[in-house]
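By convention in this document, chain letters (A, B, ...) are assigned in the order of the sequence lines, proteins followed by strands, and residues within each chain are numbered from 1. Source: prediction; values computed, not measured.
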Amino acid sequence: MLDINIRHLDLKQIAESGQCFRWKRQDDADGHMTYLIPSFGPGQREFEALTITALSDGEFRLSCDRREWDKHWSGYFDMDTDYDGVEKRIDSFGDNHAKEAYALGSGIRILRQDLWEMIITFLISQNNNITRITRSVEEICNRHGGYMPRPDEFDRSILSDKSVGLGYRAPYIDNAVKEFADDQKMLEKLTHMSYEESYETLLSFTGIGPKVANCICLFGLHHIEAFPIDTHVKQLLAKYYPQGFPYEYYEGIAGIVQQYLFYYELCMR
DNA sequence: TCACAGGCTAGAG
DNA sequence: CTCTAGCCTGTG
């Protein structure tokens, strides 16, 4: 167990920001907000899931020890990104709507999640709703011992099962599993590419279009300049930025700002 | 019944 | 190049 203070972290805001689909809310006996976060990545079977509890004033209680925090979870929660700097950048421009969105969602961080899991998750997400996305991801994991299967251990025969609920996306995922299993270096190659290179490479896969590719770049490769535009962001841009979004203000942090804007709209809905 | 859900593909123009 | 019908399926 480990108690630490973390700035710019609000579990509920992250859970609702639409970047992760496997967190489970499991409040503790005292009613403190608690989430169970599964282990992830190639070594996911080697380390434990994390429970994280929000105590008060930026204080969090973790189920892991200091060593596991340093090794796995500190990176996952993006502790090496300067969110104070992001706040200063937003404050320095006259973008009042971004300031308001930041004030509401300042506890959002861009998690450093597993690339392969993000590829599968956002392939599923297209033209889909949160409930169904969550259920499909959970079904896939449940059928592989509770873990997101790596490309080479993925049982592709389950993809067409009605209870997995993938619909027309099943062949897209089947193809991705096949391609990444055939070329085991591809995942690592993607991590060494620039944003533009990885974006173009991802686009070449069937079922990955501009929106999904940008989500994978932002959430799976931590390319913070990626700015996914879905139906909601498209509407919000038309509403608050009729003259066009000032991307030049937010060079290098556009993806974080996108999350604040998205979360703000979600709350106002 | 019908639109919608964090879109994409394929085919036409 | 741009444009858009159709797509699995659960939900209101």
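In this structure, Pro228(A) reaches the bases: a heavy-atom distance under 4.0 Å links it to at least one base atom across the strands shown. Across all strands, Glu265(A) comes closer than 4.0 Å to no nucleic acid atom at all (heavy-atom distances). Residue contacts for Phe21(A): at a heavy-atom cut-off of 4.0 Å it reaches no nucleic acid atom on any strand shown. When heavy atoms are screened at a 4.0 angstrom cut-off, Ile133(A) is found touching no nucleic acid atom at all. Residue Gly209(A) is in sugar-phosphate contact alone, with no base atom involved, counting any heavy-atom pair closer than 4.0 Å across all strands shown. Among the atoms of the strands shown, base atoms are found under 4.0 Å from some heavy atom of Phe262(A). Counting any heavy atom pair closer than 4.0 Å across all strands shown, Thr206(A) reaches sugar-phosphate atoms only and no base atom. Among the atoms of the strands shown, base atoms are found under 4.0 Å from some heavy atom of Gly18(A).
Take the nearest nucleotide of DNA chain B for Asp230(A) and for Gly207(A): the residue whose nucleotide is more 5' is Asp230(A). Closest-nucleotide positions on DNA chain B for Ser17(A) and Leu203(A) were compared, and the one nearer the 5' end corresponds to Ser17(A).
One hydrophobic cluster, built from ILVMFWY side chains closer than 4.5 Å, holds both Tyr250(A) and Tyr263(A). Note on Ile158(A) and Ile119(A): same hydrophobic cluster, where clusters join Ile, Leu, Val, Met, Phe, Trp and Tyr whose side-chain heavy atoms are under 4.5 Å apart, directly or indirectly. Cluster annotation: Ile208(A) and Met193(A) are assigned to the same hydrophobic cluster (Ile/Leu/Val/Met/Phe/Trp/Tyr, side-chain heavy-atom contacts under 4.5 Å, transitive).
With rounding to whole Å, Leu237(A) atom CG is found 13 Å from dG6(B) atom C1'. The distance between atom CZ of Phe227(A) and atom C1' of dG6(B), rounded to the nearest whole Å, is 13 Å. With rounding to whole Å, Glu139(A) atom CD is found 13 Å from dG10(C) atom P. Whole-Å rounding puts the Ile130(A) CD1 to dC4(B) P distance at 17 Å. Atom-to-atom, CZ of Phe205(A) to C1' of dT9(B) comes out at 16 Å; the value is rounded to the nearest Å. The distance from atom CG of Asn128(A) to atom P of dG6(B) is 8 Å, rounded to the nearest whole Å. Between the CD1 atom of Ile124(A) and the C1' atom of dT9(C) there is a distance of 14 Å, rounded to whole Å. Atom CZ in Arg132(A) sits about 6 Å away from atom C1' in dG10(C), given to the nearest Å.
When the C1' atom is compared between dC3(C) and dA5(B), the two are found 22 Å apart, to the nearest whole Å. Spacing of P atoms, dT2(C) relative to dG6(B), comes out at 27 Å, to the nearest Å.
For the residue pair Gly165(A) and Arg132(A), the shortest heavy atom distance occurs at O-NH2, 2.8 Å. In plain terms, the two heavy atoms of Val212(A) and Leu123(A) that are nearest each other are CG1-N, 4.1 Å.
Remark: the Arg169(A) side chain and the dC8(C) base include a donor-acceptor N/O pair separated by less than 3.5 Å. One N or O donor and one acceptor, one from the side chain of Lys211(A) and one from the base of dG6(B), sit under 3.5 Å apart.
When distances are taken from the side chain of Gln126(A) to each of dT9(C), dG6(B), dC8(B), the shortest belongs to dC8(B). Picking from dT9(C), dG7(B), dG6(B) the nucleotide with the shortest atom distance to the side chain of Lys162(A) gives dT9(C). Checked against dC8(C), dG6(B), dG10(C), the side chain of Gln259(A) finds its nearest nucleotide in dG6(B). When distances run from any side-chain atom of Tyr172(A) to the nucleotides dC7(C), dT9(B), dG6(B), the shortest one goes to dT9(B). Side-chain proximity of Cys215(A) to the nucleotides dG6(B), dC8(C), dC8(B) is greatest for dG6(B).
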Side chain to side chain donor-acceptor pair (under 3.5 Å) between Asp78(A) and Tyr83(A), intermediate numbers included: CA-CA 9 Å; Asp78(A) 199 25; Tyr83(A) 284 86; 2.6 Å; yes
Taking it one step at a time, do Tyr240(A) and Glu265(A) satisfy side chain to side chain donor-acceptor pair (under 3.5 Å)? CA-CA 11 Å; Tyr240(A) 299 105; Glu265(A) 276 318 276; 3.0 Å; yes
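Note on Ser125(A): every side-chain N or O is 4.0 Å or more away from OP1 and OP2 of dA5(B).
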